[in-house]
Amino acid sequence: MSDQQNELHPMRHSLAHIMATAITHLWPEVKLGVGPVVENGFYYDVDIPNVTLSAEDFEKVEAEMKKVIAENQPFERFTKPIDEAIAWAKDAKQPYKEELLNDLKRAGTTVAKELDAEELGLATEGDSQVSEVSFYKNGDFTDLCRGPHVESTGKVGAFKLMRVSGAYWRGKDTNPQMQRVYGIGSADDKELRVYLNILEEAKKRDHRKLGQELDLFFFDDTAPGMPYWLPKGVIMYNELISFWRQEHTARGYQEIVSPLLNKKELYVTSGHFGHYWSDMFTSETEDGELYGMKPMNCPNAMLVFKHRNRSYRELPLRFSDTDTLHRFELSGALNGLFRVREFRQDDAHIFVNEDQIKEEYKRIFEITELFYSIFDISYSFRLGTRPEKSMGDLALWEKAESTLKEILEESGKEYSIEEGDGAFYGPKIDILMKDALGRPWQMGTIQLDFQQPIRFELSYTDADGHEKTPIAIHRVIYGSLERFIGILLEHLAGRLPIWLAPEQIRLVTVNQEANTVEFAEKVVEQAKELNLRITIDNDNESVGKKIRNAELMKVPYTVVIGEKEIETGELIPRIRSDMAVSARHEPHTIEEFLKTVANEAKSRVSKTSL
RNA sequence: GCCGCUUUAGCUCAGCUGGUUAGAGCAUCAGUUUUGUAAACUGAGGGUCGUCGGUUCGAAUCCGACAAGCGGCUCCA
């Protein structure tokens with residue numbers, strides 16, 4: 001945490017209290033939940049009987065908060081024995097606080113995973129039973145809280161309420177839903193404006209907006225969560241896949257294709273029938289057979305392994321595929337390309353023996369670095385351990401988890417641990433990336449699977465002639481092509497590198513005269529021989545207008561074709577600003593220009609040498 | 001799925017508290033113009049106002065249901 005964040009933390013936490021104070025003044029019957037600090041601000045979960053807060057109420061709440069701030073009430077800390085605290089909560093008619101206090105008394109902690117001790121405001125740590133808890137009081141408002149806070153309500157900087165949404169009490173969807181009011185908090189008005197400005201800028205990078213503007217994809221009401229890829233979108237989609245294919249073929253991966261639909265029996269074997277069937281698209285045929293559309297590729301990869309006898313000599317056996325997957329995601333979870341119901345993963349299933357796990361992980365990490373370094377997007381690792389609803393032997397789980405920890409330790413990479421976040425068949429290492437708004441998304445994932453090979457009764461003949469069960473590694477690097485393209489678009493603000501740009505060169509004619517068009521067509525012909533994606537804009541518009549259109553479509557190179565070019569036979573490319581090393585616009589022979597661009601596309605550079 | 005908000009032409013948006021044939025810019029098409037590095041001019045076509053139902057003499061406008069989208073929650077690549 002930076003120094004600035006260290007300072008902002010108590011300010012934002014105090015703002016949460018001040019907001020709760022204001023809401024209590026306006027709606028005295030409010031039942032309070034928790035009010036922690038989050039990135040850039042704070043929130044408080046409130047439950048106001050028969051009142052639904054909306055953005056229109058923010059003005060009222062903000063005005064009341066400003067009153068509290070103007071009064072500069074000191075934050076006073078005091079402690080109470082736990083039983084007195086519980087009595088206080090009961091007396092104040094705060095059932096949520098009472099529940100938390102009871103949990104504290106009983107277990108010394110609260111179980112809900114998101115609400116750690118800091119957020120709840122425990123007075124003591126560890127598993128021991130709590131005897132005392134701390135409170136903070138400002139003006140007429142008292143709250144159970146660990147702190148710390150600023151000295152007084154006047155010292156909280158600048159703030160703004162942003163939105164309100166539903167949030168399940170203690171993060172469990174079986175609990176009642178509260179209203180979560182979000183606010184942002186900054187050191188002062190200037191910082192606040194800077195942050196609001198950043199948010200505005202981020203909206204311009206929204207991949208849904210860019211997908212619309214750049215003619216990449218769209219959605220139709222009849223296929224929620226299933227993108228339609230337009231010709232330009234397909235070009236970048238396929239370029240990403242061919243890069244993936246090229247690099248994986250070179251590393252000993254063998255590509256397979258398998259059915260999209262399988263009978264239920266496959267998913268009974270894999271365990272998906274019990275764990276995942278309700279999240280799948282399914283159908284029943286005329287003859288009464290139940291089919292499921294595959295939500296992941298692993299069961300079919302298991303069948304490919306099982307297809308014939310396997311030898312230890314084949315290991316590691318690497319099967320890759322990019323088949324289409326369908327998952328019946330909750331309607332409320334869908335989000336542009338980030339969360340879809342139909343997508344393709346750059347998938348692979350690697351069958352190894354126990355001794356090969358580490359080496360194979362190292363190889364996968366190498367591929368990861370190669371891919372991500374090209375796009376220059378920062379990412380982080382997260383280890384997910386055994387979830388509650390898991391399959392298989394506990395000892396195997398522990399072994400798998402400790403193996404992954406070792407691998408991460410040895411790799412020297414930073415990682416976080418998310419308990420219970422593994423797949424139901426094994427622990428996993430996830431790779432996270434952030435979108436334009438700073439929201440983290442799971443991208444690549446490398447999962448260790450001791451379970452499915454057993455369930456599918458996979459085996460190979462080992463050197464000693466005995467049959468052994470292989471271990472499967474499931475891994476994706478991009479994650480899903482869809483989500484990756486979403487992240488990429490936001491990261492690049494739509495300015496795709498030459499190798500991914502649907503249109504690499506646009507020729508803009510100065511007039512519609514025959515010799516101009518002829519010249520342009522000659523350039524196109526040469527460009528096509530080099531597999532370049534080039535178009536001619538011969539519209540009856542001003543040159544200025546056509547340049548503008550090329551700029552808006554973020555075409556890497558735009559070349560004006562007129563008298564001058566025809567005379568000299570040289571082109572002066574206009575280079576998209578993010579690719580230019582300097583502001584030069586120099587003439588090049590047609591051949592030189594096209595060859596350079598072709599090389600740049602091939603070597604996947606982000607800057608031009610022109 | 002849950003909570004809140006949103007939905008008017010291909011796109012971005014006007015349309016005040018319900019009142020005659022629903023507007024604009026961009027885009028599209030046609031004509032004029034033949035243009036030199038971020039928007040030439042003129043004209044035309046295009047919307048049963050997300051869908052269905054209700055209230056009303058009258059609904060884009062009010063109410064309800066459903067659908068899709070957005071921000072969260074839950075869940076996940």
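Because only heavy atoms are used, hydrogens play no part in the values below, and waters and symmetry mates are left out as well, while side chains stay in. Just so we're on the same page: letters track the sequence lines, and every chain starts at 1.
Under 3.5 Å, the side chain of A/Asp539 and the base of B/rU35 form no donor-acceptor pair of N or O atoms. One N or O donor and one acceptor, one from the side chain of A/Gln512 and one from the base of B/rU34, sit under 3.5 Å apart. One N or O donor and one acceptor, one from the side chain of A/Gln177 and one from the base of B/rC2, sit under 3.5 Å apart. Counting distance only, with no hydrogens placed and no angle test, the side-chain atoms of A/Tyr168 and the base atoms of B/rG72 include no donor-acceptor pair under 3.5 Å. Below the 3.5 angstrom threshold, one finds a donor paired with an acceptor across the side chain of A/Ser480 and the base of B/rA77. For A/Arg327 against B/rC75, no side-chain N or O and base N or O form a donor-acceptor pair under 3.5 Å. No hydrogens or angles were tested; on distance alone, a donor-acceptor pair under 3.5 Å links the side chain of A/Glu551 to the base of B/rA38. Taking 3.5 Å as the limit, the base of B/rG36 and the side chain of A/Glu565 contain a donor-acceptor pair of atoms between them.
The phosphate of B/rA40 (OP1 or OP2) has a side-chain N or O of A/Ser542 nearer than 4.0 angstrom. Applying the 4.0 Å criterion to OP1 and OP2 of B/rG71, one finds that A/Arg208 has a side-chain N or O inside that range. The phosphate of B/rA77 (OP1 or OP2) has a side-chain N or O of A/Lys428 nearer than 4.0 angstrom. Under 4.0 angstrom from either OP1 or OP2 of B/rA38 there lies at least one side-chain N or O belonging to A/Arg574. Distances shorter than 4.0 Å separate none of the side-chain N or O atoms of A/Lys203 from OP1 or OP2 on B/rG71.
Note: A/Asp47 CG to A/Glu29 CD = 10.0 Å, rounded to the nearest 0.5 Å. Taking NE2 from A/His207 and CG from A/Leu337, the interatomic distance works out to 4.0 Å, rounded to the nearest 0.5 Å.
The P atoms of B/rG23 and B/rC16 are separated by 14 Å, rounded to the nearest whole Å. Distance noted for atom C1' between B/rG31 and B/rU48: 32 Å (whole Å). For B/rA14 and B/rU33, the C1' atoms lie 33 Å apart once the distance is rounded to whole Å. Rounded to the nearest Å, the gap between the P atom of B/rC52 and that of B/rA40 is 42 Å. Look at the P atom in both B/rC13 and B/rC70: the space between them is 15 Å, to the nearest Å. For the C1' atoms, the distance from B/rC75 to B/rA39 is 47 Å, rounded to whole Å. For the P atoms, the distance linking B/rG19 with B/rU34 amounts to 49 Å, nearest Å. Between the P atoms of B/rC2 and B/rG15, the separation comes to 32 Å (whole Å).
Looking at heavy-atom distances under 4.0 Å, A/Ser331 makes contact with a base. As judged by a 4.0 angstrom heavy-atom cut-off over every strand, A/Arg163 is placed among residues touching the sugar-phosphate backbone only. When heavy atoms are screened at a 4.0 angstrom cut-off, A/Asp173 is found touching the sugar-phosphate backbone but no base atom. Nucleic acid contact class of A/Gly225 (heavy atoms, under 4.0 Å, all strands): sugar-phosphate only. When heavy atoms are screened at a 4.0 angstrom cut-off, A/Val340 is found touching base atoms of the nucleic acid. Within the nucleic acid shown, A/Arg344 has no heavy atom closer than 4.0 Å to any nucleic acid atom.
In this structure, A/Tyr182 does not pack face-to-face on the six-membered ring of B/rG72, missing the 5.5 Å centre cutoff or the 30° plane limit.
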